[in-house]
**Q** 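Here's a structure for you.
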Amino acid sequence: MPNHAEKIVLAVFGRDRPGIVARVSGLLARMNCNIEDASQTILYGRFAGMFVVRPLQPLALGDLQQRLAEDFHGQELVFWTSSVEKETAAPVAENTAPFVVTTIGPDQVGLVAGITEVLARFGVNINALRANVKTDDMSQWVMIYEVDVPESIDRGRFREALYARAEALDQQLSLQHRDVFEAIHRV
Amino acid sequence: MLTEKEVLATLEMLRNEHLDVRTVTLGISLFDLATHDGARFRDRLKARITGMAASLVEVCDEVGDIYGIPVVNKRISVSPMAVVGAPFAPREMVQAAQSLDEAAREVNVDFIGGFSALVEKGLARGDLSLIEAVPEALMSTSRLCASFNVATTAAGVNMDAVLLLAKTIKAAAAATADRDGLACAKLGVFANLPQDVPFMAGAYHGVGEPNAVINVGVSGPGVVKKALERARLADAHLSLDEVSEIIKRTAFKVTRVGELIGREVARRLNVPFGVVDLSLAPTPNVGDSVGEIFQILGLSHIGVPGSTAALALLNDAVKKGGAFASSSVGGFSGAFIPVSEDLNIAEAVATGNLTLHKLEALTSVCSVGLDMVALPGDTSAETLAAIIADEMAIGVINRKTTAARLIPVPGKKAGDRAYFGGLLGEATIIPVPGTGGSAGFVNMGGRIPAPLQSLGN
């Protein structure tokens, strides 16, 4: 008996153009799959989209993959699917506080690796990351990390480690609670 | 997700525009400590302050660190000492002042306010005692501030108190003659003084306030100036109504930061949050000046014709933005023009573009008044009293706060420089036109009655 998924995560990658989401969602509708969540981004003309779908009738991952391959044959799109088990649908989250890390300084190899190594060491998860943020000064490279800092860690040590790493990388770093950005800019 | 613009604009405000929280002030009630026994009172007072404010500085620094917004000053205000210590003789008032100062030093706050008396309608025993103690109290302390409410719209102007305080200012200046009369920089005389001011020297914990409260004073002249600079660069034909809109939006942002920090500090200290004071408060740093805003608005200096109109626009726009940003607005809430504390304003005085008369005119449309104004040392008590009376009259008639923080600098004359140090800055001594011509009027004494404006019921 095929392994029927409760929910499926579908990721789509490829050269960006009009109609990708329309065609993917159209196929999902024809297969009686409800889209429960979706997110997409475009970088350098490349599209990446993720959909969480719930089949309304039994559907095996393999069937979905096959239909996608048939429908998008020759379209230069890559698909990835994964089933979401009930128990893993909502991982037990530790209490965290939302912070924003920014670095400003000269671009260099190992910049992201250097900063994120510290984040990883303290169990700090990144939930949004932007590089190549445009500013007036072209020599300055700005990166913005939106992160969740676990409340259980020693924030003073985390801050020190982060600032020390930024100094070694010749970056001006700031670590601020996210609320301040919303308070200042949003009504 | 935050937008890049939101993140970058916030960083810019912090790094290059002096965005900070100027003061977090913990108000502490002392009324339940009242006793005729001076020694016992002082013990209780120190225990109360050092107990309640034990972690104030640490919490402010921690919260400032989390949000990346520094809290520049941490302060305490207490119930008006003339009321709490009503039974005390002047000697005991001096001792109480020193205990306040010691407590402030122990918890490492920058200033403690509340060596204060409310005398708009008359001078009670405690008031007289406290006023007599002021010169020694301010001379022998470093963090203590004194404030006096001598006039309200409801009561009029107590001219006896005005003259008595003018004499007290002279005595306080003489007591600190070696420091250019520094004691006077910590002594404010007010009309319509609010009960919840977080700024010094006017801060005291009012009789209508709870046991403890956190009030916040925001900053922001640097942020306003940069916002206007950017707008003028982008549009050479910027009109004044567009200027008002920019200031309003900027004041909104600055106020939101103040309230965010204040509420978090209050939560951590487990005391209620009081108010955000919307005043634009300068410091003696380049780029953090109210005076510089006038130059962005096309005036060569603060003080030249057009300055009163410009300040009216600025002050109004700050209030509109701030009032929208917070439902808990209080204190002075207006722009400050403290001469020695603002490099640009001090320079306008030094070059003669800003005169005492123009300062008085400006105070009719802004927050505080003749603030940190250095006067010739030989200015008589009667002339000081007359200057204060004029300032009080503006407040009483216009239903607003006005104040005088005047420093008659001993041994110095108009054009000399006076140095007060730190945030208090330095200033050129301003000439007093018509000095010595007011004695007959102020010596008549009594009270200028409450104006018709008081009959609002």
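Below, read A as the first sequence line, B as the second, and so on, with proteins coming before strands; counting in each chain starts at 1.
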**Q** Which distance, rounded to the nearest 0.5 Å, do you find between the CD1 of A:Ile144 and the CG of B:Leu8?
**A** 5.0 Å
**Q** In terms of heavy-atom pairs under 4.5 Å with chain A, which of B:Val254, B:Leu14, B:Val7, B:Leu260 leads?
**A**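 Heavy-atom pairs under 4.5 Å are most numerous for B:Val7.
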**Q** Using a cut-off of 6.0 Å, state whether more than 12 heavy atoms not belonging to B:Arg230 lie near its atom CZ.
**A**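 Yes, CZ of B:Arg230 has more than 12 neighbouring heavy atoms, counting only those of other groups under 6.0 Å.
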**Q** Contact part of A:Thr102 toward chain B, heavy-atom cut-off under 4.5 Å: side chain, backbone, both or neither?
**A** side chain
**Q** If you count heavy-atom pairs within less than 4.5 Å of chain B, which of A:Val100, A:Leu175, A:Val180, A:Asn127 leads?
**A** A:Val180
**Q** Please state whether the side chain, the backbone, both or neither of B:Ile261 comes within less than 4.5 Å of a heavy atom of chain A.
**A** neither
**Q** Any chance you could measure A:His185, atom NE2, to B:Lys5, atom NZ, to the nearest 0.5 Å?
**A** 9.0 Å
**Q** Give, as side chain, backbone, both or neither, the part of A:Ala183 having an atom under 4.5 angstrom from any heavy atom of chain B.
**A**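 For A:Ala183, heavy atoms of backbone and side chain both lie under 4.5 Å from chain B.
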**Q** Out of curiosity, B:Arg256 CZ to A:Asp179 CG, how far, rounded to the nearest 0.5 Å?
**A**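 Separation between the atoms: 10.5 Å.
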**Q** Between B:Asp65 and A:Arg159, is there a side-chain N and carboxylate O pair less than 4.0 Å apart?
**A**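 Yes, charged N to carboxylate O under 4.0 Å.
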**Q** Determine whether more than 12 heavy atoms belonging to other residues, nucleotides or ligands lie under 6.0 Å from atom CG of B:Asn270.
**A**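 At most 12 heavy atoms, drawn from other residues, nucleotides or ligands, come within 6.0 Å of this atom.
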**Q** Around A:Glu76, counting heavy atoms of other residues, nucleotides and ligands shown, do more than 12 lie under 6.0 Å from its CD?
**A**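 Atom CD in A:Glu76 is not crowded, with 12 or fewer foreign heavy atoms closer than 6.0 Å.
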**Q** With a cut-off of 6.0 Å (strictly less than), are more than 12 heavy atoms of other residues, nucleotides or ligands near CD of A:Glu167?
**A** no
**Q** How many angstroms lie between CD1 in A:Ile184 and OG1 in B:Thr255, if you round to the nearest 0.5 Å?
**A**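 Separation between the atoms: 11.0 Å.
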**Q** Determine whether more than 12 heavy atoms belonging to other residues, nucleotides or ligands lie under 6.0 Å from atom CZ of B:Phe324.
**A**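 Atom CZ in B:Phe324 is not packed in, count stays at 12 or less.
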**Q** Give the minimum heavy-atom separation between B:Ile66 and A:Arg155, together with the two atoms involved.
**A** CD1-NH2, 3.2 Å
**Q** Between B:Leu2 and A:Arg186, is any pair of side-chain heavy atoms under 4.5 Å apart?
**A**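 When only atoms from C-beta onward are counted, A:Arg186 and B:Leu2 do touch, with a gap below 4.5 Å.
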**Q** What distance separates A:His177 NE2 from B:Ile69 CD1, expressed to the nearest 0.5 Å?
**A** 12.5 Å
**Q** Measuring from A:Phe181:CZ to B:Leu11:CG, what's the distance to the nearest 0.5 Å?
**A** 5.5 Å
**Q** I'd like to know whether CD of A:Gln40 has more than 12 heavy-atom contacts from other residues, nucleotides or ligands below 6.0 angstrom.
**A**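 More than 12 within 6.0 Å, yes.
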